[in-house]
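Please read the structure below before turning to the comments.
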Amino acid sequence: MAIEGKDDIYSGRIRLGMVGGGSGAFIGGVHRMVSRLDDHYTFVAGALSSTPEKALASGKELGLDPERTYGSYEEMAEKEAAREDGIEAVAIVTPNHMHFGPAKAFLEKGIHVICDKPVTSSLEEAKALKAIADKADALFILTHNYTGYPMIRQARAMIENGDLGDIRLIHAEYPQDWLTEPAERSGSKQAEWRTDPKRSGAGGAIGDIGTHALNLALFVSGAELESLAADLDSFVEGRQLDDNAHIMLRFKEKNGVTPKGMLWASQVAPGFENGLQIKICGTKGGIQWAQENPNYLWYTPFGEPKRLLSRNGPGALDASTRVSRIPAGHPEGYLEGFANIYTEAARAIKAFRDGKTADDVIYPTIEDGVIGLAFIEACVASSKADGKWVRLDV
Ligand SMILES: NC(=O)c1ccc[n+]([C@@H]2O[C@H](COP(=O)([O-])OP(=O)(O)OC[C@H]3O[C@@H](n4cnc5c(N)ncnc54)[C@H](O)[C@@H]3O)[C@@H](O)[C@H]2O)c1
């Protein structure tokens, strides 16, 4: 949607707003950085904090136009939708319980939503949001950002090409250590809301990082999760939500094979920072990938020596080179992988402007969000029933 007299300012860039991400917040700043990496977005408006005073102060800090720094997301949705140069997309980077309201408000105004995970704080809300997103004249992008890494795209393409044969084993883990002690009682805002069921939802570690591990395993393997058996713990005394989860997984049968797997999510594992890893094995071979060394992918055709594939190196497929920026050996990392989701979204949004669909772009959507919440609620139900197998309600 070109705006007369403003093309020179925006150069076709997508006008982006943000809900959350005010002073002292974590992921909002990351969204702002990565949205700029490939020059597809201009950040022009925000409702950045939970109180109008903090929101206005945060807007000032970031150099936003005071007229476009709002005290609430409701006001922002109303006023931005009424402007000729209003935002075309909004990033939602608030705690989990504050995703549904803003996502609904902006989708209903035809503004694209780029929302962080987990998509909502309950499965009921996730399903309701899917119904709204399905009807909306706007796109919904969920930032399960690890799906943006080039070697993850490579692994997914290899599995699609049949290089691993039929998939049998799908293992994912995401251990961290930052909640080993009760950080929620010593002033960490990020720990406070994550351990509060009213703001986080029914899941602690399973919602915060387990959903990332599951999403990545499904994204790469192409498998569909059918049921699970979970053992959740809150090791820190007085903590209301899980801080460690061991989960067994059964996937839907494909070509006569029923893949099995395991998922470990922990925030009380000293020595592990962001230890997201996946291991996927099929009838013809296996792959292994670790987030802390994301430019490399181990590939083992059965019976042959292991091969270390590198981003943009020999054997790199178009699926990965398409989302790489620099030659092999120059590391790309978390920010570049995250930026790939923003860039894929930008291609889809720009195609949408022209009434087209960008068929070649890949990003997580509201469907992935619903699966994430169904996973959280199945884990809680299973663990309460002493590890009983529970089917996913998607
Ligand atoms: N994709 C990832 O890797 C990743 C990483 C971290 C967090 N997250 C997700 O991002 C979200 C935010 O996490 P965080 O760690 O940045 O939290 P945070 O506590 O650091 O930031 C939350 C921000 O939201 C603001 N906020 C709260 N209520 C608001 C409201 N009603 N209106 C406007 N702003 C409001 C707070 O003032 C704060 O600025 C969560 O859903 C989390 O799960 C995703």
Side-chain angles (χ1 to χ4, degrees), residues 17-35 45-59 61-62 69-77 90-106 113-122 125-126 141-149 174 176 178-179 183-184 187-196 198-201 203-213 215-216 241 265 267 273-274 276 291 294 333-335 337-342 363-364 368-369 372-373 376:
M18 181 169 280
V19 180
S23 192
F26 169 49
I27 208 69
V30 171
H31 280 246
R32 289 193 295 273
M33 281 186 257
V34 304
S35 68
L48 301 165
S49 260
S50 51
T51 67
E53 301 70 43
K54 277 201 276 172
L56 296 178
S58 298
E61 239 174 66
L62 294 172
T69 306
Y70 301 97
S72 73
Y73 73 80
E74 291 93 337
E75 183 194 358
M76 177 169 155
V90 64
I92 299 177
V93 288
T94 42
N96 309 344
H97 72 302
M98 261 301 146
H99 293 178
F100 179 81
K104 177 176 186 294
F106 287 97
V113 167
I114 303 173
C115 184
D116 222 311
K117 47 47 65 181
V119 71
T120 55
S121 56
S122 74
E125 269 185 355
I141 297 103
L142 183 66
T143 49
H144 271 303
N145 52 295
Y146 302 109
T147 60
Y149 280 113
Y174 198 156
Q176 296 181 328
W178 69 291
L179 295 180
E184 62 270 36
S188 162
K189 290 221 168 305
Q190 281 78 18
E192 270 170 31
W193 72 255
R194 279 178 171 80
T195 54
D196 173 5
K198 289 198 191 74
R199 291 180 281 173
S200 191
I206 49 165
D208 200 33
I209 50 176
T211 51
H212 267 317
N215 176 264
L216 196 66
L241 293 173
Q267 293 179 314
E273 291 171 336
N274 278 287
L276 174 62
Q291 200 272 146
Y334 182 79
L335 296 176
F338 210 132
N340 287 336
I341 303 298
Y342 261 86
Y363 55 75
D368 300 280
L373 266 299
I376 294 169

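Numbering of ligands and ligand atoms starts at 1, following listing order.
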For the atom pair [atom1] ([X]) and [atom2] ([Y]), what is the distance rounded to the nearest 0.5 Å?
| X | Y | atom1 | atom2 | result |
| --- | --- | --- | --- | --- |
| L142 | T211 | CG | OG1 | 8.5 Å |
| Y73 | S50 | OH | OG | 13.0 Å |
| L48 | M76 | CG | CE | 8.0 Å |

Any N/O pair [X]/ligand 1 closer than 3.5 Å:
| X | answer |
| --- | --- |
| A25 | no |
| I27 | yes |
| K54 | no |
| Y73 | no |
| K189 | no |

Using heavy atoms and a threshold below 4.0 Å, how should the contact between [X] and ligand 1 be classified: side chain, backbone, both, or neither?
| X | value |
| --- | --- |
| D116 | side chain |
| W193 | side chain |
| K117 | both |
| Y70 | neither |
| V30 | neither |
| A55 | neither |

field: Interfacing atoms of ligand 1 (cut-off 4.0 Å, heavy-atom, F26)
entry: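 Selected atoms, number and element: 5 (C), 6 (C), 15 (O), 16 (O), 20 (O).
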message: With heavy-atom distances below 4.0 Å as the criterion, list the atoms of ligand 1 near Y334.
response: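 Listed by number with element: 2 (C), 3 (O).
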Which protein heavy atom lies closest to [atom], and at what distance to 0.1 Å?
| atom | result |
| --- | --- |
| atom 25 (C) of ligand 1 | G20 CA, 3.8 Å |
| atom 39 (O) of ligand 1 | G22 N, 3.1 Å |
| atom 26 (N) of ligand 1 | T94 CG2, 3.7 Å |
| atom 15 (O) of ligand 1 | R194 NH2, 3.0 Å |
| atom 20 (O) of ligand 1 | Q190 NE2, 2.5 Å |
| atom 12 (C) of ligand 1 | V93 O, 3.4 Å |
| atom 31 (N) of ligand 1 | M98 SD, 3.5 Å |
| atom 27 (C) of ligand 1 | P95 CD, 3.6 Å |

query: Who's closest to atom 34 (N) of ligand 1 heavy-atom-wise, of P52, G207, S200, S49?
result: S49
message: Between V93 and F26, is there a side-chain heavy-atom distance shorter than 4.5 Å?
response: no
task: Quick one: sort the Y174 and H212 rings into parallel, tilted or perpendicular, breaks at 30° and 60°.
output: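 Y174 vs H212 ring planes: tilted.
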query: In terms of the angle between their ring planes, are F338 and Y334 parallel, tilted or perpendicular, with boundaries placed at 30° and 60°?
result: perpendicular
query: With a 4.0 Å cut-off on heavy atoms, is H212 touching ligand 1?
result: yes
